[in-house]
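Worksheet: one structure, shown below.
Note that the numbering runs from 1 along the sequence shown for the chain. From a predicted model like this one, the values you see are computed outputs, not experimental measurements.
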Amino acid sequence: MAVLTAAGVAGILLAGGCGYEEKICSSGEYPVKAVRSLTGATCVPDGEEPPDGYVRFPEGKVPKVVNDDWDRYWEEHMLDENGRELSGPPVPSSGGARSPS
């Protein structure tokens, strides 16, 4: 009986598409992007300003979950020091490493 129950639970999880989505930041934090960087990003506690060299994502273009549309978008787009999108080829930058915490 226990084997049937375990098999049933496993089947429900597989059929339901139960997937795990990793959030970009922990609760009480928001993501920021390194200036002129394709890969630099970190999380900042709510209510605090981004550290030097980082800016907020433009409103409506904030990644929420790892590999969501905006997370992938920002892998190919950069922001200037005023949080405006840059056009043109990427510029090498030391940028920060992503730290989703």
With side chains defined as the heavy atoms from C-beta onward, is the minimum distance between [X] and [Y] less than 4.5 Å?
X: Glu22; Y: Tyr20; value: yes
X: Glu75; Y: Leu38; value: no
X: Pro50; Y: Val55; value: no
X: Pro51; Y: Val44; value: yes
X: Leu86; Y: Leu79; value: no

Quick one: does [X]'s side chain have a donor or acceptor within less than 3.5 Å of a partner on [Y]'s backbone?
X: Glu29; Y: Ser26; value: yes
X: Lys33; Y: Trp74; value: yes
X: Asn82; Y: Arg84; value: no

Is the CG atom of Asp46 crowded by more than 12 outside heavy atoms at less than 6.0 Å?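 Atom CG in Asp46 is crowded, with more than 12 foreign heavy atoms closer than 6.0 Å.
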
List the steps and the verdict of side-chain contact (heavy atoms from CB on, under 4.5 Å) for Tyr54 and Thr42. CA-CA 8 Å; Tyr54 290 85; Thr42 192; 3.8 Å; yes

Output side-chain donor-acceptor pairs under 3.5 Å for residues 56-66, partner residues at least two apart or in another chain, one line each.
from	atom 1	to	atom 2	distance (Å)
Arg56	NH2	Tyr30	OH	3.3
Arg56	NH2	Glu49	OE2	3.4
Lys61	NZ	Glu85	OE1	2.9

